[in-house]
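Scroll down for the structure; my scribbles are underneath it.
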Number of protein chains: 2
Amino acid sequence: MKETGVKDRILDTASRLFYEQGYHVTGINQIIEEADIARASLYHHFISKTELLLAYLDRSHEAWFRELEDFMRPVEGARERVLALFDHRIMRQSRPNWKGCNFNKIAAENSGDEQVLERVKRHKGRFRTYIRTLVSEAPHKRVLDDEQLADMIFLLLEGATVAGAMFRSYEETEKAKKIVESFL
Amino acid sequence: MKETGVKDRILDTASRLFYEQGYHVTGINQIIEEADIARASLYHHFISKTELLLAYLDRSHEAWFRELEDFMRPVEGARERVLALFDHRIMRQSRPNWKGCNFNKIAAENSGDEQVLERVKRHKGRFRTYIRTLVSEAPHKRVLDDEQLADMIFLLLEGATVAGAMFRSYEETEKAKKIVESFL
DNA sequence: AAATGAGTAGACTAGTCTGTCTACTGTCGC
DNA sequence: GCGACAGTAGACAGACTAGTCTACTCATTT
């Protein structure tokens, strides 16, 4: 009797290793050993390592937005909701095993695979849209228009995530939050 | 009679491949073949592949700031000099083979090597300092203080570079420039 | 003339990589 | 009972990995 299904165990292990170590340095051998499954079982569920990567990205995408929406649900007030975007990131970055954005990491390692790039773009695009709707509901000092403010928030968050991963801290995100606060 | 020295040819080729394809997917065999040198020559000049990576980072660091300073030299006026930071990036991103920031790409692929991380941090730290001095000379609407404005510019540039690499465009950097223009 | 060092070609070690395949076991539905 | 299916272990193929080493050439310096 297994606690979790084989397919889940493969995807869990691969996800962890792809994120912690990187895609290319993670070999099939390591995945099957740490997931404690047979080699043929992996290739039964996923036709190739690339397919496993795509499954990882798809699942991360869903999980990421589910977590964001869970975080945002109790937050009230348009201004507070915009600022909560930063708190959400700070919460993620506070986790001891946080190592940067899953999608940025894979995108940086990726050389040419359009299917991979497409998923990264979809993820970032959807988040950009999410910011845009929050901004349109929030009142702000109109030194920038809605579109520009949304761009600014998106770019600040993206920058703070990259810098945060490098310096292993979330203070960049806190700085970004204070900057945006000046305009709300 | 060789046009260029062997060591330069190794470093040129490795740099190109590390940047275009990524570090881990680039093998020693490909480097020696494309640089058209003997295997032993590579290990004569660089004791390991890691050492070659560090040499690539060091040379990129120097070249990057040399290029930035060349770009900034003719720019006059404190306000113009701040904005030129964005123009410099746009120029770089306009190049057909631009694929993102060398340092961010290597950092994303890196899993644990402190020497690599240290070089990336040094590069980003020095640029952050460079921005800070430009900002301190420039007059601006004091909705943010100097320190915050420098942070904002740094994070916007970082975000625009990552997003630009993903969407293969420099419009994010142009947007970032317009945003900053509103505060000068 | 001898020595040094930069360069060459390529064999070699010892291991890793992804992916395929065979042969087997246990469980479930019919 | 029997077939289908999810799972196991592990051999295997073929290619690639970083790095070492030998044996050689050529040019410059001492």
Side-chain angles (χ1 to χ4, degrees), chain A residues 1-59 105-106 108-116, chain B residues 1-59 105-106 108-116:
Chain A
M1 219 31 151
K2 300 280 161 53
E3 315 91 47
T4 52
V6 167
K7 187 169 181 177
D8 282 341
R9 224 154 68 232
I10 296 169
L11 199 43
D12 288 347
T13 308
S15 298
R16 179 173 55 81
L17 294 174
F18 288 166
Y19 181 64
E20 285 177 2
Q21 303 183 335
Y23 174 71
H24 284 113
V25 292
T26 301
I28 295 290
N29 293 332
Q30 193 183 4
I31 296 170
I32 64 174
E33 199 194 327
E34 296 200 19
D36 197 32
I37 50 106
R39 189 173 205 77
S41 301
L42 192 152
Y43 283 100
H44 174 73
H45 290 290
F46 304 94
I47 64 164
S48 68
K49 194 188 171 189
T50 305
E51 214 64 30
L52 191 51
L53 172 62
L54 296 178
Y56 158 62
L57 292 176
D58 287 342
R59 209 181 58 161
K105 289 189 76 175
I106 293 298
E109 249 190 287
N110 184 48
S111 61
D113 190 317
E114 287 298 327
Q115 289 187 290
V116 170
Chain B
M1 218 33 149
K2 299 279 159 52
E3 316 90 48
T4 52
V6 167
K7 188 170 181 177
D8 282 342
R9 223 155 67 231
I10 296 168
L11 200 42
D12 288 347
T13 307
S15 298
R16 178 174 54 81
L17 294 173
F18 288 167
Y19 181 65
E20 285 177 2
Q21 303 183 338
Y23 173 72
H24 283 113
V25 292
T26 301
I28 295 291
N29 292 333
Q30 192 184 4
I31 296 171
I32 64 174
E33 199 195 327
E34 296 200 19
D36 197 31
I37 51 107
R39 188 173 206 79
S41 301
L42 191 152
Y43 284 99
H44 174 75
H45 291 289
F46 303 95
I47 65 166
S48 67
K49 194 187 172 190
T50 305
E51 214 65 28
L52 191 51
L53 172 61
L54 296 177
Y56 158 62
L57 292 176
D58 287 342
R59 208 180 59 161
K105 288 190 77 174
I106 293 297
E109 246 189 289
N110 184 47
S111 61
D113 190 316
E114 287 298 326
Q115 289 188 288
V116 170

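Since this is a predicted model, take the numbers as computed values, not measurements. Every chain is numbered from 1, with letters handed out A, B, ... down the list of sequences.
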[X] side chain: which of [options] is closest?
{"X": "B:Val6", "options": "D:dA18, C:dG7, D:dG7", "answer": "C:dG7"}
{"X": "A:Ala38", "options": "D:dA9, D:dA18, C:dT18", "answer": "D:dA9"}
{"X": "A:Ile37", "options": "C:dT18, D:dG19, D:dT8", "answer": "D:dT8"}
{"X": "B:Arg9", "options": "C:dT8, C:dT22, C:dG19", "answer": "C:dT8"}

Distance-only donor-acceptor check, side chains A:Thr26 and A:Gln21, under 3.5 Å: yes

Between A:His24 and B:Glu109: side-chain donor-acceptor atoms closer than 3.5 Å: no

Residue met sooner reading DNA chain C from 5', once A:Gly27 and B:Lys7 are mapped to nucleotides: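 The answer here is B:Lys7.
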
First encountered from the 5' end of DNA chain C, between B:His44 and A:Ser48: B:His44

[X] has an atom [atom1]; how far is it from atom [atom2] of [N], in whole Å?
{"X": "B:Asn29", "N": "D:dG14", "atom1": "CG", "atom2": "C1'", "value": "15 Å"}
{"X": "A:Ile28", "N": "C:dT16", "atom1": "CD1", "atom2": "C1'", "value": "13 Å"}
{"X": "A:Glu33", "N": "D:dT8", "atom1": "CD", "atom2": "P", "value": "14 Å"}
{"X": "B:Ile31", "N": "D:dT17", "atom1": "CD1", "atom2": "C1'", "value": "12 Å"}
{"X": "B:Leu42", "N": "C:dA6", "atom1": "CG", "atom2": "P", "value": "14 Å"}
{"X": "B:His24", "N": "C:dT16", "atom1": "NE2", "atom2": "P", "value": "15 Å"}
{"X": "B:Phe46", "N": "D:dT20", "atom1": "CZ", "atom2": "P", "value": "15 Å"}
{"X": "B:Glu51", "N": "D:dG19", "atom1": "CD", "atom2": "C1'", "value": "14 Å"}

Gap separating the CD1 atom of B:Ile31 from the CZ atom of B:Arg9, nearest 0.5 angstrom: 14.0 Å

Sugar-phosphate, base or nothing in reach of B:Thr50, heavy atoms under 4.0 Å: nothing

No-H, no-angle donor-acceptor pair, B:Arg39 side chain to C:dG10 base, under 3.5 Å: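 Side chain to base: no pair present.
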
Nearest-nucleotide 5' precedence on DNA chain D, B:Ala40 against B:Tyr43: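 Whichever sits nearer the 5' end wins; that is B:Tyr43.
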
SB check A:Lys7 A:Asp12 (cutoff 4.0 Å): no

Any A:His45 side-chain nitrogen or oxygen under 4.0 Å from OP1 or OP2 of D:dG7: yes

Backbone of A:Leu11 reached by a side-chain donor or acceptor of A:Ser15 within 3.5 Å: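 It does hold such a pair.
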
